[in-house]
Colleague: 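Structure below; questions to follow.
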Amino acid sequence: MDAQSYNAALTELRTVRDKIKKVRADLAKLETERDQHIAQLATYDKAKAERIAPAAGLSVADIVSLAPALAPETLAGAATPAQPQALEETAEPTSSEPQPATLPRAATSATGAAHQQPAPSTAPLAPVVADVPRSLPSIPEGKAGDVYFSHTANLASTRPNFTQQARSTVFLDTTTGVLVHRNQTHHLDLGNRSAGAILTAVFHTIPEGIERIYITAGDPWHQDADRYPYLRDAVAAWLNAPIPGWRTDTGRGRDRMAGHFVHARSPVGRYQREGGEQHVEIRSVGEWFDVDGDDPATVRDAFVLLWQALRRHWDDAVIMGSPSQTGRDLWTRTIPARGQHADGFPVLSEELRALLHATAGQGRNELLTPPRVPEQLPQLVEYDRTFAYAKHTWKSPVGTPRRITAATFAAWSEKEQTRALYGCGHWQVKVTVPDTWNHVGLLPAPAPGERAWHYPAEGGTTFTTWAGGPEVHTALTNPLAPWKVEILDGILWDDGKPLDDWAKKLKETWSNLSAQAHFQGNAQQARAAHLASRAVRSILLYGIGAFAQRPRMVTGTTPRSMERDVPPDAEIIGFDDAQITWQRPTGFSRDPNAHPEWAASIWSSARAALLTQRHRDDDTYAGALHTPPGTVVAFRTDALYLTQPQHWPHHHQPGDYLLRGQLTGPLPAPTTEEELLTLRGAGRTALTTGQDA
């Protein structure tokens, strides 16, 4: 791209921006009109929120927030941590990666209507009030709190006693129709690129059958996006379109995956041939890595190299459908066959898992806008922590957790307190920002919205939150000014290494593939090795996310003529002239590999490392707190965006800060995520072009 085309593209981008603003303004008017209708309906003395919700396309909680008088008695109380029952035939928990989900066979599927009565809610739901930070749960006193500090009976992660079966796989570019199967390349006529057309063309070409179709380009599930108000609706319609001879898969054997997984970007379609044993899934290769114009053959080579590299460490390694599935399967095969943990790793009580789900956030995502940064930025410099989470897997919580009350912590010596904060713990704290503080926030605090967090930084601010030991320790010992942190309650585990062997093998696999990408003389094989190294990153990243085991979300549909049958605790996620699509939480499954304490510990360590990280070999520090005040523009999971370049060491090791993009200003400070991502792309292009020159 030359300067002329770059400027032309910027002009087009501004045009799109203006169109978006207009659409948003129109949407705001419609939402105001909708809210007025709701308020009018609420004046009827027999009005019910559960009747109005599906008509408005909102959840019951949303209706109650707009019209508090409609709150049922079950919504009147304060929210408490959910204690949902575990149901066997339900969705796979979601994580930081969109996870394939199982839909309950008896209750709903993404293709049919739901007719059975919903299970009663096991915890009261609090109405959502706009702009009011949510309250985080606490551990109850007495016997109610004692049950938190135990394990779920007869549920533990154990080493598998079976060999995972590989699935025959093809790679398909739905834009060009190019299909790669093993060493053969075919050109298909995909017709209208529907799921039915893809299955017909693929099985006509490979009559012996395949079990997995990776879409490498084309995103066929987006082809009718203009017809739907939300992208997810278009995806659902594509997945659920009837296919003669096929039906939605209901799962089989040890693989409990069933039903389609509706996701705007990385959906999964699961189909089963009528009257036969043929099962096949259609999914996006974007779950594994970003494809930048790579043809199906290169993508196939990347998966071959990935499998070969993993086999050097796991002789029974199998690449499963998603990185998270693969990551957890490989981890189970590192559980010791003998020794201390030969009996496996017990799963925490459901109460404690629910608490961790509500109080342990993931990566830090924060955009700092003027006046916290200049209106015009001199530069925008992006630093990305290489393979970041791999640096924080060497120590994780094990054993039965202990409760550390405020009185117990206060009675300890300073040495004991420091040891506890260095250990594997999760702490409820009351925090006060120093009056003279002029830098970024250090500890997460609950913000309005489900699982939303912000980072208070204004001097004198006081708030109560939960945080991991690494972040609490950073707040107390940061290089600028110690924060006041009062321990209110805490959970402390023994230090262990349940993930160390798994992570070391993945790190070595990543290093080997990265070296192949750098030294390989063949351009296509070098690119394949690079993609394979990115896949290893995804295996570890999303494997860790999968340990978090979010409460399951079940998706269902109900005919518009039967909208009264929409479960009262369901959230409306889409609708058309024929049916309403909804989702509702159903709690935690009896997942033997649910370890949210591991994910929470790693996420806390990674957030702390964004603030300060020591490089022992170089006797120096890196991170946001080692930059001048007002120079941090944004945090994005494991990346920092600054207004000044830094001379931080990079030795191609996990956790090192890598310069990814640099854009020279003056630049208007981004005020939205979209603006930041646009500048990020331009910065990466500018840096690459400058290096190539």
Colleague: Looking only at atom types and distance, does a side-chain atom of Asn522 sit under 3.5 Å from a main-chain N or O of Gln525, one as donor and one as acceptor?
Modeller: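 Confirmed, Asn522 side chain pairs with Gln525 backbone.
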
Colleague: For the atom pair CG (Leu677) and CZ (Arg680), what is the distance rounded to the nearest 0.5 Å?
Modeller: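 Here the interatomic distance stands at 5.0 Å.
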
Colleague: What's the shortest heavy-atom distance between Pro220 and Arg193, and which atoms?
Modeller: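 The answer is CB-O, 3.5 Å.
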
Colleague: Give a yes or no on whether a salt bridge exists between Arg227 and Asp224, defined as a side-chain N under 4.0 angstrom from a carboxylate O.
Modeller: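 Looking at Arg227 and Asp224, the cut-off is met.
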
Colleague: Parallel, tilted or perpendicular, judged at 30° and 60°: which one describes the rings of Phe387 and Trp510?
Modeller: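 Phe387 vs Trp510 ring planes: tilted.
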
Colleague: Find the distance between CG (Leu13) and OG1 (Thr678) and round it off to the nearest 0.5 Å.
Modeller: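 OG1 of Thr678 is found 5.0 Å from CG of Leu13.
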
Colleague: Could you tell me which residues satisfy side chain to side chain contact (heavy atoms under 4.5 Å, CB included) with His615, sequence neighbours excluded, listed by chain and number?
Modeller: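 His615 satisfies side chain to side chain contact (heavy atoms under 4.5 Å, CB included) with Gln613, Asp618, Thr620, Ala622, Pro649, Asp656 once adjacent residues are dropped.
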
Colleague: His260 vs Tyr271 aromatic rings, parallel, tilted or perpendicular, using cut-offs 30° and 60°?
Modeller: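 The rings of His260 and Tyr271 sit tilted, inter-plane angle from 30° to 60°.
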
Colleague: Under 3.5 Å, is there a donor on one side chain and an acceptor on the other for Glu508 and Ser511?
Modeller: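 Per modelled atom types, Glu508 and Ser511 side chains form no pair under 3.5 Å.
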
Colleague: Please list, chain by chain and in numerical order, all residues satisfying side chain to side chain contact (heavy atoms under 4.5 Å, CB included) with His652, sequence neighbours excluded.
Modeller: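 Testing His652 for side chain to side chain contact (heavy atoms under 4.5 Å, CB included), a comparison that skips the adjacent residues, returns His650.
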
Colleague: Partners of Trp598 by ring pair (Phe, Tyr, Trp, His ring centres under 6.0 Å), sequence neighbours excluded?
Modeller: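 For Trp598, the residues satisfying ring pair (Phe, Tyr, Trp, His ring centres under 6.0 Å) (neighbours in sequence not counted) are Trp331, Phe345, Phe547, His595.
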
Colleague: Quick one: do the Asp295 and Thr298 side chains pair a donor with an acceptor below 3.5 Å?
Modeller: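 Yes, because at least one side-chain N or O of Asp295 sits under 3.5 Å from a partner of the opposite role on Thr298.
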
Colleague: For Phe171, what residues pass the ring pair (Phe, Tyr, Trp, His ring centres under 6.0 Å) criterion, not counting sequence neighbours?
Modeller: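 Tyr214, Phe303.
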
Colleague: Side-chain donor-acceptor contacts of residues 526-536 below 3.5 Å, not counting sequence neighbours, with atom names and distances?
Modeller:
from, atom 1, to, atom 2, distance (Å)
Arg527, NE, Asp294, OD1, 2.9
Arg527, NE, Asp294, OD2, 3.2
Arg527, NH2, Asp294, OD2, 2.9
Ser533, OG, His530, O, 2.6

Colleague: Could you report the tightest heavy-atom contact between Tyr657 and Ala609, atom names first, then the distance?
Modeller: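 Nearest heavy atoms, Tyr657 then Ala609: OH-O, 2.9 Å.
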
Colleague: Verify whether one side chain among Gln164 and Asp316 offers a donor that lies under 3.5 Å from an acceptor in the other.
Modeller: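 Their side chains do not contain a donor-acceptor pair, so the 3.5 Å distance test is not met.
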
Colleague: Among Val299, Val285, Ile215, find the residue that satisfies the side chain to side chain contact (heavy atoms under 4.5 Å, CB included) test when tested with Leu172.
Modeller: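 Looking at Val299, Val285, Ile215, the match for Leu172 under the side chain to side chain contact (heavy atoms under 4.5 Å, CB included) is Ile215.
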
Colleague: Apply ring pair (Phe, Tyr, Trp, His ring centres under 6.0 Å) to Trp246 and list each qualifying residue two or more places apart in sequence or on a separate chain.
Modeller: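 Ring pair (Phe, Tyr, Trp, His ring centres under 6.0 Å) list for Trp246, sorted by chain: Phe203.
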
Colleague: Please determine if Asp501 and Lys505 form a salt bridge, counting it only when a charged side-chain N lies under 4.0 Å from a carboxylate O.
Modeller: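 Yes, Asp501 and Lys505 are salt-bridged.
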
Colleague: For the side chain of Lys497 and the backbone of Lys395, is there at least one donor-acceptor N/O pair under 3.5 Å apart?
Modeller: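 No, Lys497 side chain to Lys395 backbone: no donor-acceptor pair under 3.5 Å.
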
Colleague: Without hydrogens or angle criteria, can the side chains of Glu382 and Gln662 be said to hold a donor-acceptor pair below 3.5 Å?
Modeller: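 Checked: Glu382/Gln662 side chains show no N/O donor-acceptor pair below 3.5 Å.
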
Colleague: Let me know which of Leu640, Asp638, Leu658 forms a side chain to side chain contact (heavy atoms under 4.5 Å, CB included) with Arg385.
Modeller: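 Checked Leu640, Asp638, Leu658 against Arg385; only one passes side chain to side chain contact (heavy atoms under 4.5 Å, CB included): Asp638.
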
